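Taking it in order: structure first as structure tokens, then the write-up.
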Amino acid sequence: MPRNIPLEKCRNIGIIAHIDEGKTTTTERILFYSGRTYRIGSVDAGTTVTDWMVQERERGITIVSAAVTAEWKGYQINVIDTPGHIDFTAEVQRSLRVLDGGVVVFDAVQGVEPQSETVWRQADRYGVPRICFVNKMDRTGASFEYTLGTIVNRLGANVIPMQLPIGSEANFKGMVDLMTMEAVLFEDELGKEPIVTAIPVDMQAQAEAARTHMVEKIAELDDDLTVKYLEGETITNEELKAGLRVAVINSKAVPVFCGSSLKNKGVQLVLDAVIDYLPSPVDIEPVKVTNLNTDEVITLATDDKAPLSALVFKIVSDPYVGRLAYFRVYSGTVTTGATVLNPTKGRKERIGRLLRMYADRREDINEVCAGDIGAVLGLKDSFTGDTLCDPSTPVALERITFPEPVISIAIEPKSNVDQDRMTNALLRLTEEDPTYVVVSDENTGQTVIKGMGELHLDILVDRMLREFKVQANVGAPRVSYRETITKAVPNVNYKYAKQSGGHGQFGHVVFAFEPLDRGSGIKFENKITGGAIPKEYIPAVEKGVKEAVESGVLAGYPVTDLKVSLIDGSYHEVDSSEMAFKMAAILGFREGLQRGSSVLLEPIMKVEVVVPAEYLGDVMGQITSRRGEVQGMEMRPGNAQAVRGLVPLAEMFGYATQLRSGTQGRGVFTMEFDHYAPVSASVAEKVINK
């Protein structure tokens, strides 16, 4: 079946930003102006298309990324509306992994905020070209220039303003388009019919200067344009657009636009910019895959006829139709009824129903072509990060990596009926979100759920109750501490020998332990030479180490940032077995931890508090009283101060209440995980005693 729209006219974009910058409101306007909806939904009223979950509508925030498709001027735009809260950062991460471009939304009053930095760095990591939209120009204290300055200073971006706002705050009317040198005014309530007119007389000099600056910045990015500019030749708008498009696709420049999504001003011009400057699937580099027959890294063209390579990036448990797998096709075509290979699991899967998603609604389609995003029903063994490929050409795409959870709660069902429901619910929810981790505490027999923050876990418990009808008792949130060693242990000699009639058990290992930098995780290296331990027992030793790292010697927390080298050992021809070497590894590992002066590590959070200036002293006192370290301050529009600091997660429980009461409800804060750090002896003693 031929494509309805050529690949060159497709755009896969994400709307990304800090919480409450207007991502969902902007997405709602995209759907309205493109004709996909006939009324404008409201976040406050809980009537938006992409915030379809009950929990999202109650809280007025985005929790899960939602995919929608719109058409604009003959182009197909696949839009993913992502969450802004740091607890749901995995949703942003997996969306960025499969997108070709991003629209980064900023609040014109606050400028760059903490989660803005996080999503920007994630976009850098995945090489996602971006354009910026300075939203909320109608708010009191809005400043286009201030926001531009924060993008440059905090993100290091090469910004190119493409517009000038006309009016500000309550008098914001529209913008000057510096490319066409025309004013675009939005006077009707829905903003459906922008009025293109001459630039106001009092802004002409400012607009001319801004246009000259824009032309200079674009000309710097292209050698041919630089020559024309220096020789005084006129550069046409088509040449400027073409030069800027190449620079954006290569992540060398970021065009910036302005508007107010809530007041229906400026979103159409952002859609035009998506078409003009963000890449189509054919503009990005061909995808790199590992050929599993040869272990070579090869590239596959974005072509419907190339061998299939597709990445599953999201799983959704739909109560009506079952498990939905969202996927992005990089090369080849996925068709209904086809058999594909999941090389990660070594299983073949049959493609059941193919769907084009429209948030929580769906329409059946027959195929998903190269460069497109779709969803499939009926996959049994494929989950987030898995590759789907042609069984005759097995290839693997790079998997998606997620951050480690930093907070946990204990949960137990209220009845035997709830026990079965809870097991099913946790299985389904952890399939959807890889940053939920469920473990069984050996010491207490409790089921422990780990996540990225209090809100993250609160949403999980709420979904268990509403969607899966699980009645459960929930414990207080607990911090996910870690353990590590502080000094090298060059020789840990452990011999496991048991004799109980018949064959005995014998395993002998010699380890060397070495502390690693923070964030390095666990590394195991086999340095055995000369067959001191037969090769068939080495995997058992490694397995024993991996089991042992789950429970440290101080308080039973997982061990991290440690290199374990197997340097020697011995075996018995009759009594040695895989089990014996695994036990030797576990017990030898624990001895090494005790000799390595183990310490507890705690998660340290990057915290930013924004308060009116008169409460600055109180807030700094609150941070230091919670074992925090103030790192800096800066002025914000409207006589507000932003205080940045590092605070242990264990001290942040209940801070929202303290901040509200201490600032008469006017202070707000955000926090995100930064790093793990050793705790003091007094704090460690309290944690261990608990």
Side-chain angles (χ1 to χ4, degrees), residues 13-28 43 48 50-51 56 59-66 80-93 95-96 99 102-125 128 130-137 139 141-144 146-157 159 254 256-262 270 403 452-456 605-611 632 634 636-638 640-645 656 659 667-674:
I13 66 163
I15 312 292
I16 55 178
H18 183 87
I19 190 170
D20 201 29
E21 307 285 66
K23 296 179 297 299
T24 300
T25 304
T26 302
T27 306
E28 199 65 28
V43 171
T48 60
T50 51
D51 281 357
E56 293 177 313
R59 291 168 171 80
I61 61 171
T62 300
I63 292 169
V64 296
S65 53
I80 296 184
D81 175 27
T82 65
H85 198 287
I86 185 61
D87 283 15
F88 310 106
T89 188
E91 289 286 327
V92 185
Q93 204 159 317
S95 299
L96 286 171
L99 292 170
V103 178
V104 189
V105 183
F106 296 97
D107 184 324
V109 178
Q110 300 297 340
V112 174
E113 297 192 77
Q115 181 67 355
S116 309
E117 290 189 51
T118 302
V119 297
W120 192 274
R121 304 294 174 224
Q122 288 174 331
D124 281 342
R125 177 182 165 195
V128 177
R130 280 143 277 175
I131 62 174
C132 294
F133 178 49
V134 179
N135 190 24
K136 304 191 179 185
M137 287 298 302
R139 278 188 62 195
S143 170
F144 188 57
Y146 168 77
T147 305
L148 285 173
T150 62
I151 296 172
V152 172
N153 296 331
R154 289 192 216 162
L155 305 178
V159 300
V254 183
V256 185
F257 302 83
C258 65
S260 168
S261 296
L262 185 63
V270 174
M452 303 305 297
E454 287 182 89
L455 179 60
H456 195 215
M605 310 303 283
K606 186 163 60 176
V607 177
E608 181 172 284
V609 189
V610 180
V611 291
E634 67 176 36
R636 290 284 175 89
Q641 283 274 5
V643 182
R644 293 192 305 278
L659 179 65
V668 295
F669 82 98
T670 56
M671 70 174 181
E672 60 181 292
F673 172 73
D674 192 74

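Remember, predicted model here, so these are calculated numbers, not experimental data.
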Any non-hydrogen side-chain atom of [X] less than 4.5 Å from a side-chain atom of [Y]?
X: Thr26; Y: Val103; answer: no
X: Phe144; Y: Val256; answer: yes
X: Gln122; Y: Ile16; answer: no
X: Val112; Y: Glu117; answer: yes

Say you draw a straight line from [atom1] of [X] to [atom2] of [Y]; how long is it, rounded to the nearest 0.5 Å?
X: Tyr146; Y: Phe106; atom1: OH; atom2: CZ; value: 12.0 Å
X: Glu672; Y: His18; atom1: CD; atom2: NE2; value: 9.5 Å
X: Ile151; Y: Ser116; atom1: CD1; atom2: OG; value: 9.0 Å

Considering the options Thr27, Leu99, Ile13, which one meets the side-chain contact (heavy atoms from CB on, under 4.5 Å) requirement together with Ile80?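 Running side-chain contact (heavy atoms from CB on, under 4.5 Å) over Thr27, Leu99, Ile13 with Ile80 returns exactly one hit, Leu99.
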
Verify side chain to side chain contact (heavy atoms under 4.5 Å, CB included) between Gln110 and Lys136, making sure each step is shown before the conclusion. CA-CA 10 Å; Gln110 300 297 340; Lys136 304 191 179 185; over 6 Å; no

Glu608: what forms a salt bridge (charged side-chain N to carboxylate O under 4.0 Å, His left out) with it, not counting sequence neighbours?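 Counting only residues at least two positions away or on another chain, Glu608 forms a salt bridge (charged side-chain N to carboxylate O under 4.0 Å, His left out) with Arg636.
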
Salt bridge (charged side-chain N to carboxylate O under 4.0 Å, His left out) partners of Asp124, counting only residues at least two apart: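 Only Arg121, Arg130 meet the salt bridge (charged side-chain N to carboxylate O under 4.0 Å, His left out) criterion with Asp124.
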
Using the side chain to side chain donor-acceptor pair (under 3.5 Å) rule, take Ser261 and Thr25 through it: C-alpha gap first, then chi angles, then the decisive distance, then the call. CA-CA 6 Å; Ser261 296; Thr25 304; over 6 Å; no

Which atom of Glu21 lies closest to which atom of Asp107, heavy atoms considered: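 Residues Glu21 and Asp107, closest heavy atoms: OE1-CB, 3.1 Å.
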
Determine the minimum heavy-atom distance between Trp120 and Ala157, stating which atoms define it.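 Heavy atoms only, the tightest pair is CZ2-CB, 3.6 Å.
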
Between the main-chain N or O of Ala108 and the side-chain N or O of Thr147, is there a donor-acceptor pair closer than 3.5 Å?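 Such a contact is found between Thr147 side chain and Ala108 backbone.
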
